[in-house]
Each structure stands twice: as structure tokens, then as C-alpha cells.
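The next block holds one structure in the form of C-alpha cells; read it before the comments.
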Amino acid sequence: MANLLDDLNPPQRDAVMHTEGPLLVLAGAGSGKTRVLTYRIAHLIDDCGVAPWAILAITFTNKAAAEMRERITGLVGPVARDIWASTFHSACVRILRREADAAGYRSDFAIYDTDDQLRLMRACFADEEVDPKRVAPRSVLARISDAKNRLIDAEAFVEEADGFGDEVVGRLYRRYAARLQAAGAMDFDDLLMVTTRVLESDPQVRERYQSRFAYILVDEYQDTNHAQYRLVRVLAEPQRNICAVGDDDQGIYSWRGADVRNILDFERDYPDTHVVALEQNYRSTGTILRAANAVVARNRGRRPKALWTDQGDGEPLHVLACRDEHDEARTVLAEIERARAAGTSLDQIAVFYRTNAQSRSIEDQLVRGRIAYAVVGGPRFYERAEVRDALAYLRVAANPADEIAVARLLGAPKRGLGPGCLVKLSLCAQTHGLAIGDAIGQADLIAGLNQSQRAALARTASLLTEVADADAAGMPLSGLVAMVIERSGLRAALVIEGTLEAQGRIENLDELENVAAEYHANAPEPSLQGFLEEVALQSDADLVDQEHGQVTLMTVHNAKGLEFDVVVMTGMEDGIFPHARADEPDSLEEERRLCYVGMTRARRRLVLTHAETRAIHGGREYRLPSRFLAEIPRDAVATREGAPVREAFAGATQRSAVVPLEAGDTVLHATFGEGIVTGVESRGSLVRVRFSRDGTERRLMAGAAPMRKVG
DNA sequence: ATTCAACGCTTTTTT
DNA sequence: AGCGTTGAAT
């Protein structure tokens, strides 16, 4: 360990060595906070004799937790396995499974994600006879989420309700909470709220975890909400060995209840706090850093700080104006090809955007350019309809009370079991005191069903029982998944459909089987419940794969914690970034922090693009460059105008005037090697080339592609 | 009672 | 451009 400390600069070392009492690490972007966190834990274990299981390390994503554990393993060996390193939500689930009794739940509770929540809320609207067109179910869910994040349960909400709107929300909140409870389910916010409530109200449970977790570390502390704040606070007592790491300039989740005050007020909450500021940046060039600092410096109410680097200035930023989103996409493509020609590997290139919808035009262009890419956070695998359908069977097998999953499974595949049938089923369950999933097997108790419906229900019931039995008998998960896919008829229905789209869905079902097999092979204690839990708590950011030679496309939110040699930030336009709905001063400041987060992901080259017009909601709108662009010092930017694509096309004409490419020419490409021109399009600006190395034919931009004529 | 096809409204960011 | 609701067909 002693020599490990040599890897650290003085403030980093200070943060690692200060083990007792509250510690606040203000870690600027790229200042090596992960290293501090891992070394600190290694130091606790190796030098201070702290038991690994007495350490609770909270990270923002599961992936970050896994990586941290891996790095600590590298430092202290396999004992790192016993550290509790996880997200808030995962840690809460783990506590709640043990303490379900005290929390008033069964230990096999299901976890409802956004989609489940919405379905359940729609049912509540029906119960309460609220018109979903007058009040949006999503907005009610948002209100409830907000309340739960502030630890306000339905009863407290109703008590405080103020005005008619609140009265309606209160009624829906009550109903929603009751139905969740009846379904044996918790939503994401419940995980935090219920855990905190149990810890705060039950002395036995509290004592158990307080004495267990002697050392607590929380990463991304600026993005904790009130419930998380209270959770940490109660767990940290009485020793208060709490280490909070964060950066108030990177708080980007206030819309999700995160409260930057948690980090700004840390010293007030823990008066004897030792504060360490990490301000040396090891990631970016001086120019990128200077530009990002200048932008975020416009925010009021931040801790003043000055990130610095001893690396050189590097190259200037590039701000590129584009005609429209297609032009912008071509610009991105050109930028990627340029970076690749300069020797940057694709996985060191990222494209950011403010909203997910923006990925589409860029994806189209990358497909044309044959650039391998991965979109983080589009339609998630586990959110695809067919995958959810299959999962619904597993969910009901694990928890028959899960009414949302029952509703889902009845409709997939189509077999004459619709909403009417669901109503009868739930009525039957109620009158006979059965879980709704168990009522499926009691079709003879239900009046008004036809013969084929009874048969379908019976088949479904026996499948569910068999899945549950097979699980109990220890059948591997992939076997359970296969059983569901085959026996439910999900696969057969898609095979009959026979379309290309159905083919893709079948592949997704196969992939689910693979995922299950992988889970079974990797999880320490695989179980059906554990699998469903992982599915529910997996985040988009967990799926970032920076090792497979692909460009990464993602929202700026998902980029937090990552770094790339080359970053292209697209859609730098007022109304998009900052977003049009961020019109209040506070939310504008959050947009600015988001911009700062995006900019500071870049190590060497940062390109910002904006389009003059953009297709939005059907129509085409004129857009002004983002005000954030104007906040970047002029002398940090190389290009202010002139779309590079237009430059590229101009260059193409110029160059083709000198060396016009035509079919039959031999060219040498920086990446693909030698090839023969097989065709020319768009008056010479696009050429088709068949490359001899791999036999592929590619369409390339004559002016922009890193390629020259050799014969 | 279920299913399918057309219409109209809506979208920021996510554990 | 996608989804959910509505209305018509089976």
C-alpha cells in the first residue's frame, strides 16, 4: 500500500488517508476520484484492518460498482468480494429482502419499472374515475415520485394536500400505493423510501446496519435526493465515518429529486468535516478545460473552483454550423472518419446529444458510412415488448400477485384472452382470496368464459406451475426462459407472423435466453428472483461498452463518468441544449452543468455542432446556436462557421478537379487499404469502392474520406 | 368479447 | 414519428 500512495497527488493522498469521521471530497471532472475511492477502500482493508463487509460503497451505476470492485480486487485480492459496492437502489433491495417483515412486505416483492408504473396508474385512474385526458397519468406519477423522494407517503401527502389538483393526486397516490402493495410490488422510489423508513423507525433493524457499516462512501453525492440523503445519514450514525465524493458543477438530476444542497450543505450537516478539493485534471487538454470552466463559471451559487492541468493546451475546439440535422449527421460522420484516419480507434469516439430522439439521423448516416456504433439508452433490450412478454411469465411464476405482469401475459401471445377476461380473473381472485396469478388455474370458478378461453387459461396455468416447480428444482434460468418462450406460444406466434420484424423479435427472445444463461453463469447466487431484480435495476449506463471498436452514441446524461479521446456534442442550439423546457434560471443552470459534464468528457478533441434548421414535431424549425457556445472563449475555438461537410464537398470538387476519381481507379484508404472504385455518385462527391482486403464495397465521401488515388 | 385500423396528441434528461 | 384511445369489423 505504501507504494500505492506514491501514485497519488497530495490532496488525493489526504483523501485516502483521512479515514475517521466525515470527509467531503470535492472532485472536479477528471481529477482521479475513482482512484481515490478505490485506494481509500484498499487502504481501509489493508492498512486499517477494516473488514470488507463493513464497507458500504454507493455508486451511481451498477457498472461503476462492478468496476470499482474489480479495481479493489486488483489492490487487495479476492476479499474485495465482500464489500457492499452497489447503487442506492440495489443496496436497498438487498436490505429490504432481509428486512421485508419489518418493512411490511413479503421478501419476494416484485420491482415495478416505469412501464409497469404507468400501467398500474392507468388502472388507478379507472378505479378513481379520473379522466386520463384531463390529467396525464405520467404527471401524476411524477408528483408521486417527487413526494416519495421527499419521504412523503400517501397518507402524509393527503394530509398536506392543498387545492383540488392535490386532492386528486392524493386520491390516486393512495390508490396507487394500495395496488402496489396488493401486487406485492415496489416501484423505484419505494425502494429508497421504504428502506429509509424502516431504518429510521425500527431500532433493531437500524442497529443491525449501523453497526455493520462502519465505513460509508457515496460517489456522485451531488446527485443524491432527500431520501438518499436521509438513508446515508441514518446509516452513518453513530461513527459518522462517511466519505462523500462529488462535484456541485456536475449535478444534473434535480428533475429526479436530486438536491445539490446535499453537497453544498455537507459541512453544515457534519460540522467536523474534513474537506479535500481535487482540482488537478488528468484527462483533458488545457483548452478543453478552459472552455468548460468558462461555461460553468456563469452559474451562480456554486463553490468557486479552478480546475487546472499540466498537460499542454492541445488543439482548439471546433464549432461547426450545419444546414440541418442531416447535414449535421454527415458532419459527425466526417468527423469520425477524420479521427479514425488520424489513428483514433472507434471506441475512443463518442457522439452526445441532449435528447434521445436526436440519435436517429446520426444513426442513419453512420449506417451509410459503415461505421460501427452502439447507442446507449435507446429502446432498451428489456423494454422491448416481446422481451417483456416473456419476462411477464417469469414474474408471475415468481410472484403470482403481480397483476401488471398477469395483465401482460394474458395478451401475449394473442389467444382470445383480453381485458374482459382480466376483469373476471381479478374478480375471481378477490372473491376466493387468491392471488390473481393463482386464479388463472381456477378457470372453472369463473363464469362467462368460452371453451377456448378456459383451455387457454388452463395451459397458461400449467406452464406457470411448471416454471415455478422447475425453478424450485434448480433448473438453470436459461431453461426457464426457453420453457416460457416455447410453451407459451410466443415464439410460434412470431414464426407464423413471418415478417422481418417478427424475425428480429425472435432473435430478441433468443438473446433473452443467452442473457439468462450468462446471468446464471456469473451471478454468485443465481435465482429467478435475482434475475428479475437485475433486469429491473439495470440502467442504460450499465451497458456502455467501450471495448468493442464502436463509436458510442448517447445522451449527455448517460455520459457522466466516462471519457473519450474525441467527443462530438451535437444539437448545440437554443431550445435543444439548453432545452426549451429549461426556462427557469435554476433549470438553465442545470443545463449548463450538463453542458459542462459533456465537454469535460473529452480528452483531446472536442467538436460542437449545431444546425440552422431541424425537423421537430413534424415541422421544420429555424434554430439559433446555443447560448452556451457564446460562453466559450473565442480564442479557444478554431472554426466558427462553415459546415465541414460543405468544406468537404468543396474540397472534393477541388480535389476531383486535380485527381478526379472514376470507376476502375485504384485508391488507398487509411483504414480499409487498397480498393477499386466501382462507381461514382453525386457528381463525384461520393464514390463506391470495393476493398480488396475484406471484399466489402463502401460508399465514401470523396473529399472527406482518408483516401487517395494510387493508380 | 376481441382484434384491427385510423386518428389525434405529445416528448427532456432516468434509477 | 410513436403511442393510446376510439370506432368498426369479426
Side-chain angles (χ1 to χ4, degrees), chain A residues 58-65 86-93 111-115 117-119 122 125-126 131-133 136-139 141-142 145 148-149 186-193 220 223-225 227-228 251-258 352-361 376-380 382-383 385 410-411 413-424 448-450 452-453 456 533-543 554-560 571 575-583 587 590-591 593-595 597-598 615-619:
Chain A
I58 299 288
T59 57
F60 205 66
T61 64
N62 296 301
K63 183 165 183 257
S86 70
T87 62
F88 269 108
H89 290 86
S90 299
C92 286
V93 170
I111 300 167
Y112 272 16
D113 66 11
T114 316
D115 186 72
Q117 290 181 57
L118 200 55
R119 286 163 192 269
R122 292 216 174 90
F125 269 59
D131 182 359
K133 271 179 286 187
R138 304 177 72 106
S139 76
L141 279 171
S145 171
K148 286 182 177 179
N149 286 155
M186 297 201 203
D187 65 18
F188 289 136
D189 304 311
D190 281 334
L191 297 175
L192 302 173
M193 179 171 78
E220 306 285 3
D223 279 324
T224 52
N225 61 35
Q228 292 165 331
I252 54 176
Y253 283 101
S254 74
W255 50 274
R256 203 170 84 188
F352 299 161
Y353 34 80
R354 178 62 179 77
T355 65
N356 280 307
Q358 290 167 251
S359 76
R360 203 183 190 93
S361 52
V376 177
R380 279 187 240 175
Y382 292 123
E383 283 169 8
L410 288 180
K414 303 262 179 246
R415 52 192 189 281
L417 303 176
C421 189
L422 177 66
V423 170
K424 285 172 192 153
L449 292 176
N450 63 37
S452 80
Q453 288 176 318
E533 197 170 293
E534 189 171 286
V535 166
L537 295 181
Q538 181 173 82
S539 73
D540 291 328
D542 294 334
L543 302 174
M554 63 185 143
T555 63
V556 194
H557 278 91
N558 270 320
K560 187 160 80 159
I576 291 196
F577 201 178
H579 196 272
R581 279 187 63 171
D583 47 1
S587 38
E590 178 146 311
E591 295 287 307
R593 290 193 292 272
L594 190 57
C595 183
V597 168
I616 270 175
H617 298 150

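Because the structure is predicted, anything quoted here is derived from the model rather than measured. Each chain gets a letter, A, B and so on, in the order the sequences are listed, and its residues count up from 1.
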Exercise. Are any of A:N356's side-chain N or O atoms less than 4.0 Å away from OP1 or OP2 of B:dT13?
Worked result: yes
Exercise. If you look at every strand shown and take non-hydrogen atoms under 4.0 Å, does A:R593 touch a base, only sugar-phosphate, or nothing?
Worked result: nothing
For this session: Taking only the side-chain nitrogens and oxygens of A:N62, find out if one of them lies under 4.0 Å from OP1 or OP2 of B:dT15.
Result: no
Exercise. At under 4.0 Å, does any side-chain N or O of A:T555 touch on OP1 or OP2 of B:dT14?
Worked result: yes
Exercise. In terms of the angle between their ring planes, are A:H557 and A:W255 parallel, tilted or perpendicular, with boundaries placed at 30° and 60°?
Worked result: perpendicular
Exercise. Over how many whole Å does the gap from A:Q117 atom CD to B:dT15 atom P extend?
Worked result: 13 Å
Exercise. Can A:W255 be called stacked on B:dT13 when the rule is centres closer than 5.5 Å and an angle between planes below 30°?
Worked result: yes
For this session: Check A:C92, A:S86, A:S90 against A:L537 for a side-chain contact (heavy atoms from CB on, under 4.5 Å) and give me the one that passes.
Result: A:S90
Problem set entry | Minimum-distance nucleotide (side-chain atoms of A:R138 versus B:dT13, B:dT14, B:dT11) | B:dT11
Problem set entry | Touch class at under 4.0 angstrom, heavy-atom based, for A:T114 against every strand present | base
For this session: Considering just the side-chain nitrogens and oxygens of A:N558, establish if one lies under 4.0 Å of OP1 or OP2 belonging to B:dT14.
Result: yes
For this session: Hey, could you give me the CZ/CG distance between A:F577 and A:L594, rounded to the nearest 0.5 Å?
Result: 4.0 Å
Exercise. Whole-Å distance between B:dT14 C1' and A:F88 CZ?
Worked result: 16 Å
Seminar exercise, completed: Closest to the 5' end of DNA chain B, once A:T355 and A:L537 are matched to their nearest nucleotides, is A:T355
Problem set entry | Test log, rule side chain to side chain contact (heavy atoms under 4.5 Å, CB included), inputs A:D223 and A:K560 | CA-CA 11 Å; A:D223 279 324; A:K560 187 160 80 159; 2.3 Å; yes
